[in-house]
Amino acid sequence: MAFPVKKIAILTSGGDCAGLNAALRAIVLRASSLDWEVIGIMAGTHGLVSRPPQVRKLTPNTVDSFIMRQGGTILGTTNKGNPFSYPMPDGSVKDLSDEIIAGYHSLNCDALIAIGGDGSLDIINRLATRGGFPVIGIPKTIDNDVALTETAIGFDTAVAVATEALDRLQPTAASHDRIMILEVMGRDAGHIALTAGIAGGADVILIPEIPYDIHTVVQHIGNLRQNGRNFALIVISEAVRDAAGASVMNEFFGKQKRLGGIGQLIGAQIAELCGAETRVTVLGHVQRGGAPSAQDRLLATAFGVHAVELILQGRFNRMVAWQNREVVDVAIADAIKTSHLVNVDGALIKTARGLGICLGDSAPRPLQ
Ligand code: F6P
């Protein structure tokens, strides 16, 4: 028997990415076909702190096919401040969870669909458990670090943007005999750097999962030069670790760790050690904005429809996931236990080593 539903709520939480609107559209279209009312909560859980809660009604008309093509999220989002210890202007922290739970209950919804990364899904799961309301999670993150799903909304578009950047850097690098460094996002996961680096023909790819030694990188550039190549493309993930295993660049803004800037540091080292002209491009939030790729639209749409089916079946506290070319679902509690990092023995690492791409370590190439 179908779970009795009249009204559901959706929110987007954490850093935005391409494909969020496509997921919202799919949820609204499928839910409306079941005659359910759908409301969107504005600005993630922040919308539930206001009184009355900040919401907007979502209908098939408001999510017409144009929003599927748009980056960002029409609901707004935030990646600042854990509501269980929210930083207040006076420097103190406040637990806002009871206010958020009360805000959600005041909406009289039968279930909540939360679209977020690992941090957001963890928070929503805790709120739902404490507040006793049914929740479904949809994974989104350009970092692709949510566990138990092979991919998440936004990752494919970010890879396409980083690959296009390499396509644009290669001709200018070759024309000027320069070393071009591209710094990409990803936090502690090197998926964007590794995937775009291979697709974009990088000579060196540095990821957090493989501590790098600058001398290995310099030696690789020397080898390229000896073989007659006077330019190089280097992709660096924002949270790479040095040979001692320490994260190289961290800046703290309050309790929030902000990454970025490693490209300049390594660029300066390479310029000095190789005597090479070096230029650095920090791709930054360009990776998060813009129209979603076809694959992200498809993934978001399939995830959105499956999330509604789970509610219909009364199966809650589940996260939709992509595994073996299928949409499946897993317990949110299991998904947030670990992170999906690059498998250093996996197919893409073997591919990179097989191509002779330097990964910053001195590991021997496994393919002969
Ligand atoms: O988690 C997604 C992400 O884009 C990371 O890759 C990046 O480090 C971070 O968010 C940037 O966050 P902000 O939008 O706060 O600068």
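Counting starts at 1 for both ligands and their atoms, following the listed order. Please read these numbers as outputs of a predicted model, since none were measured by experiment. Excluded from the calculations below are hydrogen atoms, water molecules and symmetry mates; all remaining heavy atoms, backbone and side chain alike, are included.
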**Student:** Are R241 and Y212 in a cation-pi setup, meaning NZ or CZ lies under 6.0 angstrom from the ring centre and within 45 degrees of the ring axis?
**Tutor:** no
**Student:** Applying side chain to side chain donor-acceptor pair (under 3.5 Å), which residue pairs with at least one partner in residues 217-229 are found, sequence neighbours left out?
**Tutor:**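 Of all non-adjacent pairs touching residues 217-229, those that pass side chain to side chain donor-acceptor pair (under 3.5 Å) are D203-R229.
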**Student:** How does K80 reach ligand 1, if at all, at less than 4.0 Å between non-hydrogen atoms: by side chain, backbone, both, or neither?
**Tutor:**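 Only the side chain of K80 comes within reach of ligand 1.
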**Student:** Please list, in number order, the atoms of ligand 1 under 4.0 Å from a heavy atom of E238.
**Tutor:**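 Taking each heavy atom of E238 in turn, ligand 1 has 5 (C), 6 (O), 7 (C), 8 (O) under 4.0 Å.
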**Student:** Out of R288, Q287, H285, who gets a non-hydrogen atom closest to atom 16 (O) of ligand 1?
**Tutor:** H285
**Student:** When you compare ligand 1 with G186, is there at least one nitrogen or oxygen pair between them that comes in under 3.5 angstrom?
**Tutor:**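 Yes, G186 has an N/O under 3.5 Å of an N/O on ligand 1.
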**Student:** What are the atoms of ligand 1, with element, lying closer than 4.0 Å to any heavy atom of N79?
**Tutor:** 12 (O), 13 (P), 14 (O), 15 (O)
**Student:** Check whether any side-chain N or O of R51 sits under 3.5 Å from a backbone N or O of L48 as a donor-acceptor pair, and report yes or no.
**Tutor:** yes
**Student:** Determine whether a donor-acceptor pair (N or O, by modelled atom type, separation under 3.5 Å) exists between the side chain of D143 and the backbone of D145.
**Tutor:**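 Checked: no pair found.
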**Student:** Does T141 reach ligand 1 with a nitrogen or oxygen that is under 3.5 Å from one of the ligand's nitrogen or oxygen atoms?
**Tutor:** no
**Student:** Keeping to residues at least two apart or across chains, list the ring pair (Phe, Tyr, Trp, His ring centres under 6.0 Å) pairs with something in residues 307-357.
**Tutor:** F3-F316, H191-H340
